[in-house]
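Read through the structure below, which is laid out as structure tokens, and then see the notes.
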Protein chains: 2
Amino acid sequence: MQSRTPAGRTGRPRNAAADAAILAATRQALVELGWSKLTLGDVAVRAGVAKTTLYRRWPGKNELVVDAVAELFDELTLPDRGSLAADIEGVVLQFAAILARPEARSGLMAVVAEATRDEALRERIRASIVERQKRLVLAGRARAQARGELAPESDPDEAARAVDLIFDMVAGAVVHRTLVSAEPADEKWVHGFTRVLVFGLTPGPGPGPG
Amino acid sequence: MQSRTPAGRTGRPRNAAADAAILAATRQALVELGWSKLTLGDVAVRAGVAKTTLYRRWPGKNELVVDAVAELFDELTLPDRGSLAADIEGVVLQFAAILARPEARSGLMAVVAEATRDEALRERIRASIVERQKRLVLAGRARAQARGELAPESDPDEAARAVDLIFDMVAGAVVHRTLVSAEPADEKWVHGFTRVLVFGLTPGPGPGPG
DNA sequence: ACCTTTCGCTACGGGTCGTAGCGTAATACC
DNA sequence: GGTATTACGCTACGACCCGTAGCGAAAGGT
């Protein structure tokens with residue numbers, strides 16, 4: 001047993017508080033400067049650490065911002081509100097609240113853009129941000145099936161595709177509303193969105209989108 | 001009448017061919033270098049113009065890339081395929097095809113990210129990219145109402161909100177699927193998406209999402 | 001005490017930025 | 001044709017940021 005230090009290593013241990021300080025400084029810099037004007041030297045000064053310390057812990061700006069933004073999504077939960085529509089509305093409102101924060105707005109899209117040319121970064125985003133969100137979709141779907149609101153999927157492959165589709169529709173709509181249309185995903189909008197998602201554009205069992 | 005030159009100005013006219021060359025060079029650089037490593041000096045060399053010419057025509061990298069990417073969306077059309085679902089599938093497939101191109105993938109998200117801190121850039125994106133797409137939603141909706149598939153909206157304010165909602169759902173889902181989930185929005189996916197959008201998650205008049 | 005790792009600091013070459021200045025080219029007006 | 005006006009290509013520049021190397025000191029284990 002040599003696991004008193006994080007990985008059984010010898011030598012001076014890393015200052016754990018510095019990690020938190022650096023990530024907080026990164027978010028602060030994102031708010032004040034935005035992605036493009038954010039420099040690692042500036043973050044180091046804000047965090048009260050040397051620039052070299054930053055480079056010892058993160059490969060570069062991209063990975064640092066991913067980790068800084070990922071922490072924002074820790075607060076996502078899925079309380080049981082009794083129905084599929086209510087569950088969707090609840091989680092979408094939480095998601096919208098996160099995306100309304102400037103550090104998320106400027107950082108998230110930028111790293112996604114960078115990830116289009118960086119497979120490792122894409123995987124980092126998937127593991128630390130996307131996967132956590134997708135688990136909420138899975139949980140909500142299971143609940144709805146237990147309630148009888150959705151038909152249970154026998155084919156697990158089909159089920160996975162359905163979850164991916166729903167996830168892209170929910171997250172995509174909120175992100176597009178917030179960042180591209182640049183208008184708030186408030187309760188009214190979320191309500192209309194949920195109605196369309198659950199009942200569709202054509203007036204079926206529920207009222208139409210008007 | 002002094003409007004033979006574009007705006008009635010005197011002096012040497014601008015080389016119109018240079019504009020096209022610069023935008024094409026920008027797209028090429030986006031493919032080869034991506035957003036972050038794209039430099040205006042490099043674009044100038046590719047286009048065969050001086051770097052100063054670039055700065056005389058565009059305020060900076062952001063605006064240049066917006067214009068370069070906007071041209072990609074010129075090809076969007078909305079052929080009448082007979083039904084709302086078919087119309088949606090057609091235009092979504094076109095949209096997906098554009099987003100599959102590397103110059104769109106790396107450029108679009110990056111400028112949207114920059115636009116979160118730049119009101120003028122946001123307006124430029126809205127005018128040259130978003131508005132054109134939204135017009136297709138308007139046209140498709142009018143067709144569906146003419147066919148009787150959608151109830152006509154009496155309140156123009158409600159109608160505008162519905163169009164905005166649909167637009168965010170369609171564009172958002174495709175963008176998220178393509179850029180965040182990083183998987184192709186192929187025919188199978190588009191078909192499933194359209195079914196959910198038109199008929200909803202719950203098995204109403206149509207079949208469920210499975 | 002000794003070893004190992006981290007940390008802060010300084011310094012560096014390399015690259016990009018955005019602008020200024022200059023001479024020249026291309027057009028409109030007279 | 002001559003002149004005014006604008007666009008163009010080119011060069012050069014200070015400022016900034018990058019990412020790394022090298023050093024001495026600090027903080028833990030053994």
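Within every chain, numbering begins at 1; the chains are lettered A, B, ... in the order of the sequence lines, protein sequences first and strands thereafter. These values consider heavy atoms only, across backbone and side chains, with no hydrogens, waters or symmetry-generated copies.
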(message) Regarding dG19(D), can its base be found pairing with the side chain of Lys51(A) as donor and acceptor, where the two atoms are less than 3.5 Å apart?
(response) yes
(request) Could you tell me whether the side chain of Arg12(B) has a donor or acceptor atom within less than 3.5 Å of a complementary atom in the base of dT6(D)? (result) no
(request) Report the residue (Ala50(B) or Pro59(A)) whose heavy-atom-nearest nucleotide on DNA chain D is the more 5′ of the two. (result) Ala50(B)
(request) Calculate the interatomic distance between Leu38(B) atom CG and dT16(C) atom C1'; express it in whole Å. (result) 12 Å
(request) Report yes or no: is there a donor-acceptor pair, N or O only, under 3.5 Å between the side chain of Thr39(B) and the base of dC17(C)? (result) no
(message) Output the rounded distance in Å from NZ (Lys61(B)) to C1' (dC17(C)).
(response) 11 Å
(request) Please state whether the phosphate of dG8(C), meaning OP1 or OP2, lies under 4.0 angstrom from any side-chain nitrogen or oxygen of Thr53(A). (result) yes
(message) From CG of Leu33(B) over to P of dG15(C), roughly how many Å is that when rounded to an integer?
(response) 15 Å
(message) Can you confirm whether more than 12 heavy atoms, excluding those of Glu187(B), are under 6.0 Å from its CD atom?
(response) no
(message) Can you measure Asn62(B) atom CG to dG18(C) atom C1' for me and round it to whole angstrom units?
(response) 14 Å
(request) Identify whether the distance between the nearest side-chain nitrogen and carboxylate oxygen of Lys37(B) and Asp42(B) falls below 4.0 Å. (result) no
(request) Would you name the heavy atoms of Ala144(A) and Leu84(A) that are closest together and state the gap between them? (result) CB-CD1, 3.9 Å
(request) Look at the side chain of Val49(B) and decide which nucleotide, out of dG9(D), dC8(D), dG19(D), has an atom nearest to it. (result) dG9(D)
(message) Among dG22(D), dC10(D), dA7(D), which nucleotide has an atom closest to any side-chain atom of Arg14(B)?
(response) dA7(D)
(request) Find the distance Ile22(B):CD1 to dA7(D):P and express it as a whole number of Å. (result) 13 Å
(message) Which nucleotide wins on minimum distance to the side chain of Tyr55(B), given the candidates dT5(D), dT20(D), dT19(C)?
(response) dT19(C)
(request) Give the rounded distance in Å between these two atoms: CG of Leu54(B) and C1' of dT16(C). (result) 14 Å
(message) Using 30° and 60° as the class boundaries, would you call the ring planes of Phe73(A) and Phe95(A) parallel, tilted or perpendicular?
(response) tilted
(request) In whole angstrom, give the distance that lies between atom CG of Leu64(A) and atom P of dC18(D). (result) 11 Å
(request) Could I get the full list of side chain to side chain contact (heavy atoms under 4.5 Å, CB included) partners for Glu89(A), not counting sequence neighbours? (result) Val190(A), His191(A), Thr194(A)
(request) Could you work out which one of dC8(D), dA28(C), dC7(C) sits closest to the side chain of Arg56(B)? (result) dC8(D)
(request) Write down the distance between CH2 (Trp58(B)) and P (dT19(C)), rounded to a whole number of angstrom. (result) 16 Å
